[in-house]
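Here is the structure we will look at, set down as structure tokens.
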2 protein chains.
Amino acid sequence: MSMSENIRPLRRNAIRQQNETLILQAAEKVFAEAGFGGATMQLIADVAGLPKANLHYYFATKEELYRCVVENIFEIWLQAAASFDNASGPVEGIGAYIDAKMEISRRHADGSKVWASEVMHGAPVIQDYLENTLREWTTGRAALIQNWIDDGKMKPVDPEHLLYMLWATTQHYADFGHQIETLNGGRPLSDTQWRAAKENVKAIILRGIGALRD
Amino acid sequence: MSMSENIRPLRRNAIRQQNETLILQAAEKVFAEAGFGGATMQLIADVAGLPKANLHYYFATKEELYRCVVENIFEIWLQAAASFDNASGPVEGIGAYIDAKMEISRRHADGSKVWASEVMHGAPVIQDYLENTLREWTTGRAALIQNWIDDGKMKPVDPEHLLYMLWATTQHYADFGHQIETLNGGRPLSDTQWRAAKENVKAIILRGIGALRD
DNA sequence: TCGCATCCTGACCATATGGTCAATTCAAAG
DNA sequence: CTTTGAATTGACCATATGGTCAGGATGCGA
């Protein structure tokens with residue numbers, strides 16, 4: 001028998017890792033489509049292609065599995081948040097942030113929906129993230145924006161509300177993707193349309209805050 | 001015994017009406033907080049202060065009750081949509097629309113959340129509204145915006161994406177109200193802060209589309 | 001080959017939930 | 001007062017769901 005089996009024996013460690021990500025991916029999809037309350041362990045198991053009891057071997061409870069999904073998303077979110085820094089001005093910084101967040105809306109639409117759902121329902125499991133990590137990030141970035149304003153690099157706008165606007169506008173393409181798709185004739189946005197959306201958002205906001213001179 | 005009882009006998013018709021709205025209000029709240037899957041008829045009944053069996057007397061199934069809630073919200077949405085018309089230009093029309101939608105986000109936050117949840121989960125019950133009423137409204141308003149562009153009243157932007165931006169920005173204050181509240185020190189936005197939010201949104205967008213000259 | 005810890009899973013359980021129903025109360029028309 | 005149909009509700013049912021568990025399979029080091 002050759003060593004190159006179709007199903008090669010995975011290292012014990014690798015088995016755990018593989019199954020966990022398999023389950024997490026399935027869970028993210030199901031939670032996004034049905035919400036926490038509407039999702040069932042059975043359906044997640046089916047999507048993952050595993051028996052239900054196997055889910056409980058890796059994740060003790062539905063809540064624990066959900067929490068892992070939400071935390072994963074928060075990591076991705078933070079990653080995009082970094083693109084704000086190391087920018088000399090609003091055009092660069094906010095532009096990069098919009099680009100990053102639009103890319104997340106496209107590539108991780110399910111994650112965005114789970115996050116939105118979690119927050120909409122009062123953030124039962126990630127309230128501490130909101131109060132600590134998110135709050136710190138927000139005040140830091142607001143201060144940065146205020147600096148840009150003081151330096152005359154943009155018009156005086158409320159930094160916090162500007163951030164809300166960035167979040168809202170970019171996330172909308174993920175959370176309300178179904179609505180946009182429906183209005184687009186039932187078809188997902190094409191590459192060209194995504195680029196147009198991104199450029200449109202950047203143009204309006206950057207011009208809106210007086211960071212573009214034209 | 002006087003005719004002026006504390007609990008005056010309601011006309012049969014009025015009883016039905018009163019209980020239906022009572023149930024609908026409770027349902028809107030519970031659906032917003034828990035999602036369709038997480039909401040239970042028992043909890044809705046408790047919030048409404050009625051026995052569960054009574055809910056089923058007025059609304060045969062959970063789905064039917066949910067559908068009524070969603071349709072109610074759509075009505076409110078349409079009402080705000082009207083503020084777009086009869087405007088001579090973007091400052092007036094879009095400004096009024098933002099005002100109206102921000103007011104809805106404030107006064108009907110629960111409804112907004114139910115709507116958002118419904119769309120996020122693929123619009124299982126209001127797909128036809130999206131495909132018909134919403135689509136028609138959108139194309140009509142997009143044409144109106146295009147006219148303003150052609151008349152030189154604003155810069156050339158993609159009308160559809162501008163509409164998405166309006167929806168996203170205004171709805172965010174309802175759907176992500178909990179997040180905003182948390183970042184605001186755990187307190188809801190004050191009257192002043194709401195006004196600031198509204199003015200900020202209007203200023204950035206109207207300047208962003210070149211409808212304000214400054 | 002052996003032993004062991006990890007991994008797998010069908011069968012099972014307690015509970016919660018949507019929904020039903022028959023019996024009762026109540027308003028108000030005749 | 002009587003009648004009639006709407007309104008009310010406690011008790012009940014079938015099902016679905018989260019979670020458990022005992023026993024078997026599997027990889028892997030010794």
Side-chain angles (χ1 to χ4, degrees), chain A residues 1-24 26-31 33-70 124-125, chain B residues 1-24 26-27 29-31 33-70 121 124-125:
Chain A
M1 13 219 117
S2 77
M3 298 289 283
S4 60
E5 292 284 6
N6 228 348
I7 300 159
R8 68 182 183 287
L10 291 163
R11 308 195 152 263
R12 266 282 144 72
N13 225 347
I15 288 179
R16 174 155 224 117
Q17 169 111 31
Q18 175 182 286
N19 280 344
E20 278 181 357
T21 60
L22 196 63
I23 294 169
L24 283 170
E28 179 174 293
K29 186 176 176 188
V30 173
F31 280 134
E33 286 173 357
F36 177 79
T40 68
M41 294 298 271
Q42 186 62 61
L43 182 55
I44 295 174
D46 291 346
V47 170
L50 295 172
K52 189 184 70 162
N54 210 346
L55 296 210
H56 283 96
Y57 175 72
Y58 288 103
F59 300 90
T61 67
K62 188 183 177 186
E63 273 83 3
E64 183 185 321
L65 175 54
Y66 175 73
R67 183 184 296 270
C68 284
V69 170
V70 172
V125 320
Chain B
M1 18 238 115
S2 79
M3 299 290 284
S4 61
E5 293 284 7
N6 226 349
I7 298 157
R8 67 183 184 287
L10 292 162
R11 312 201 146 259
R12 268 280 145 74
N13 226 347
I15 288 179
R16 174 156 224 116
Q17 170 113 29
Q18 174 182 287
N19 281 344
E20 278 181 358
T21 61
L22 195 63
I23 293 169
L24 283 170
K29 187 177 177 187
V30 174
F31 281 134
E33 285 173 358
F36 177 79
T40 68
M41 294 297 273
Q42 185 62 62
L43 182 55
I44 295 173
D46 291 347
V47 171
L50 295 171
K52 190 184 71 162
N54 211 344
L55 296 209
H56 283 97
Y57 175 73
Y58 288 103
F59 300 91
T61 68
K62 189 183 177 187
E63 273 83 5
E64 183 185 321
L65 176 54
Y66 176 73
R67 182 184 296 270
C68 284
V69 170
V70 172
H121 298 347
V125 321

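In the text below, chain A, chain B and the rest are named by the order of the sequence lines, each starting its count at 1.
- For Y57(B), counting side-chain heavy atoms from C-beta on, the closest listed nucleotide (dT8(D), dG10(C), dC7(C)) is dT8(D).
- Residue-environment remark: NZ (K62(A)) exceeds the threshold of 12 foreign heavy atoms within 6.0 Å.
- Close to dA6(D), at under 4.0 Å from its OP1 or OP2, lies no side-chain N or O of R16(B).
- Scanning for side chain to side chain contact (heavy atoms under 4.5 Å, CB included) contacts around L24(A) gives F59(A), L65(A), C68(A), V69(A), N72(A), with sequence neighbours left out.
- Across all strands, F59(A) comes closer than 4.0 Å to no nucleic acid atom at all (heavy-atom distances).
- Separating the CG atom in N19(A) from the CG atom in L55(A) is a distance of 9.5 Å, to the nearest 0.5 Å.
- Expressed to the nearest 0.5 Å, how far CD of E20(A) lies from CD1 of I15(A) amounts to 12.0 Å.
- R16(A) places a side-chain heavy atom less than 4.5 Å from the side chain of Y57(A).
- Separating the CG atom of D46(B) from the P atom of dT9(D) is a distance of 13 Å, rounded to the nearest angstrom.
- Going from atom CG of N19(A) over to atom C1' of dT6(C) covers 12 Å, rounded to whole Å.
- Note: CD (Q17(B)) to C1' (dA7(D)) measures 16 Å, nearest angstrom.
- Atom pair L55(B):CG and dT9(D):P shows a separation of 11 Å (rounding to whole Å applied).
- You'll find that the side chain of N54(B) is closest to dT8(D), out of dC8(C), dT8(D), dA7(D).
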Taking only nitrogen or oxygen atoms into account, show me every contact under 3.5 Å that the protein makes with nucleotides 17-21 of chain C, one pair per line with its distance.
from    : atom 1 : to     : atom 2 : distance (Å)
dG18(C) : OP1    : A39(B) : O      : 3.2
dG18(C) : OP1    : K62(B) : NZ     : 3.2
dG18(C) : OP2    : M41(B) : N      : 3.0
dG18(C) : N7     : K52(B) : NZ     : 3.1
dG19(C) : OP2    : K62(B) : N      : 2.7
dG19(C) : N7     : K52(B) : NZ     : 3.1
dG19(C) : O6     : K52(B) : NZ     : 2.8

Listed pairs under 3.5 Å, donor-acceptor, residues 35-51 of chain B side chains, sequence neighbours left out:
from   : atom 1 : to     : atom 2 : distance (Å)
T40(B) : OG1    : L43(B) : N      : 3.0
Q42(B) : NE2    : D46(B) : OD1    : 3.2

